[in-house]
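Below, chains carry the letters A, B, ... as their sequence lines are ordered, and counting in each starts from 1. All values below were derived from every heavy atom in this structure, side-chain atoms included, with hydrogens, water molecules and symmetry-related copies excluded.
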There are 2 protein chains.
Amino acid sequence: MESEQKKSYPPGKIKIMNALSELMREKDFHSITTADIATTAGVTEGLIYKYFKDKKDLLYQVLNGHFQTFQNYIVSKIETRKSNIEKLSIIIKTTLKSYSINRVFARILLLEVRNSPNYFESDAYDMVKIYSRTILDIINQGIKDGEIKEDIDPHALRQVILGSIEHACLGEVIFGKELDTDKVSEHICNIIFRGAKK
Amino acid sequence: MESEQKKSYPPGKIKIMNALSELMREKDFHSITTADIATTAGVTEGLIYKYFKDKKDLLYQVLNGHFQTFQNYIVSKIETRKSNIEKLSIIIKTTLKSYSINRVFARILLLEVRNSPNYFESDAYDMVKIYSRTILDIINQGIKDGEIKEDIDPHALRQVILGSIEHACLGEVIFGKELDTDKVSEHICNIIFRGAKK
DNA sequence: TAAATAGGTTAGTAATACTTACTTACCTTA
DNA sequence: TAAGGTAAGTAAGTATTACTAACCTATTTA
């Protein structure tokens, strides 16, 4: 059920990371105490600080662990397609699905890390930048290939795509609502690519 | 310079709220201590708990204060317009501008409150719901009036609109970047209403 | 065999959100 | 005009919690 970490990490470290992951399904990060984490993991509080600089570092590393799953899932889906619009559609659908499958990941990424400045110097954020860059590249290629209108601002389009995805997930992440990712992504793509105006 | 609160609040309460507001321009909520707030306000820590249930309640009330400014600004702009598309465009532009002018407000709304469940029972969240409902109503009216395609899902369109706005502000809020709100909102509207696909 | 290293524990400490008991000043209204 | 009530504010805590330092013990390594 748990166990995303396959690395040759010491067992205690894995237990700690899984414990936080588990607790974050119910509570927000700030109201989870280090004592909580330790007892859930079945280790002592002190051990947390053997493996993690501080509580936030633990959060970032958990985030990074989930990122692996995310990246693999995304990459496995895009490559085969030739059309850039199709690629973007796949990214939208796949990202939505990833967030849906992996809600703790979504919760950390969308709600918990963004308010602490040092997150933006973390490895996890580097991965976000790569992901985000990928989208921009596809957009630019799409404009070059004549699939996307040339009067579209690439950065703006990326913003609309990312914003739509994230906002669509919020209800899910915050209230635990179910989300029909196929349907929602279709609706979003419909709006973004074909436009809402008659 | 400060002073948004005109209500007949006791002076200490106003000072406390303004103090938090001020501190939040530089730090994130969690790294601001109650001692910080008290000294900045020129009162004692105890007084905070005379007027606010806890630190988060203070945050929510500050948010509510800023909401007043926000609502007034928005409302003053929409009413005169007749076209629904135009109304939505104005909302996008005006919201972006509001966030830009009032960054502390944006920071609280987009980064700080969403991760604590009891925010969603606060008065502040009720105002968000009203704002959000307004957008949905305009969309539905737009479909009825034949301005917006009838195969568009109203909730999805709202999500795209809100998501685009919020994501566009993130850089601003997190990194303090400047944002050309007129330009950005134009780009966003261009994509959402006319579509990105050639 | 000595020593270093890895995995883990115990028992703290400092900081910080929040409380309780108290003071002072102001406003009723009888 | 004085008593009583209340609103505004203070002082001095307490309990919780993130984090630390020193210690233990087994297993590898030289």
- Full working for ring-ring contact (aromatic ring centres under 6.0 Å, His included) between A/Phe70 and A/Tyr131: CA-CA 10 Å; A/Phe70 176 71; A/Tyr131 166 78; 5.5 Å; yes
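- Taken from CG in B/Leu157 to CG in B/Leu162, the straight-line distance is 9.5 Å, to the nearest 0.5 Å.
- Considering only the side chain of A/Tyr51, C/dG8 comes nearest among C/dC18, C/dG8, C/dT16.
- Proximity of A/Tyr49 to the phosphate of D/dT20: no side-chain N or O atom is located under 4.0 Å from OP1 or OP2.
- Applying the 6.0 Å contact sphere to NZ of B/Lys93 captures no more than 12 heavy atoms from other residues, nucleotides or ligands.
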Could you go over nucleotides 20-25 of chain C and give all protein N or O partners under 3.5 Å, atom names and distances?
none

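- Under a 3.5 Å cut-off, the side chain of B/Thr33 and the backbone N or O of B/Asp36 do form a donor-acceptor pair.
- Regarding A/Tyr9, its OH atom lies at a distance of 16 Å from the C1' atom of C/dA6, rounded to whole Å.
- When each of C/dC18, D/dG9, C/dG8 is scored by its nearest atom to the side-chain atoms of B/Asp54, the top-ranked nucleotide is C/dC18.
- At least one cation-pi condition fails for B/Lys55 and B/Tyr49: the charged atom is not both under 6.0 angstrom from the six-membered ring centre and inside a 45 degree cone around its axis.
- Rounded to whole Å, atom C1' of C/dC18 lies 13 Å from atom CG of B/Asp57.
- With rounding to whole Å, B/Ile48 atom CD1 is found 11 Å from D/dT10 atom P.
- In this structure, CG of A/Leu47 is placed 14 Å from C1' of D/dT25, rounded to the nearest angstrom.
- Put simply, CD on A/Glu45 is 14 Å from C1' on D/dA21, counting in whole angstrom units.
- Within the nucleic acid shown, A/Thr33 comes within 4.0 Å of sugar-phosphate atoms alone, with no base atom in reach, counting heavy atoms only.
- In this structure, NZ of B/Lys56 is placed 12 Å from P of C/dA17, rounded to the nearest angstrom.
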- List the steps, then state whether ring-ring contact (aromatic ring centres under 6.0 Å, His included) holds for A/Phe120 with B/Phe175. CA-CA 10 Å; A/Phe120 298 97; B/Phe175 304 111; 5.0 Å; yes
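- Using a 4.0 Å heavy-atom distance criterion, B/Thr34 is classed as a base contact.
- Residue-level contact check: A/Ile32 touches the backbone only, with heavy atoms under 4.0 Å from sugar-phosphate atoms and none from bases.
- Toward the 5' end of DNA chain D, the nearer of the two residues B/Val43 and A/His30, judged by each one's closest nucleotide, is B/Val43.
- The A/Thr44 side chain lies nearest to C/dT9 when the options are C/dT9, D/dG9, D/dC19.
- In summary, B/Asp137 and B/Lys87 do not engage in a salt bridge, as defined by a charged side-chain N under 4.0 Å from a carboxylate O.
- Following rounding to the nearest Å, B/Ile14 (CD1) and D/dA7 (P) show an atom-to-atom distance of 17 Å.
- Between A/Phe52 atom CZ and D/dA18 atom P the separation is 15 Å, expressed in whole Å.
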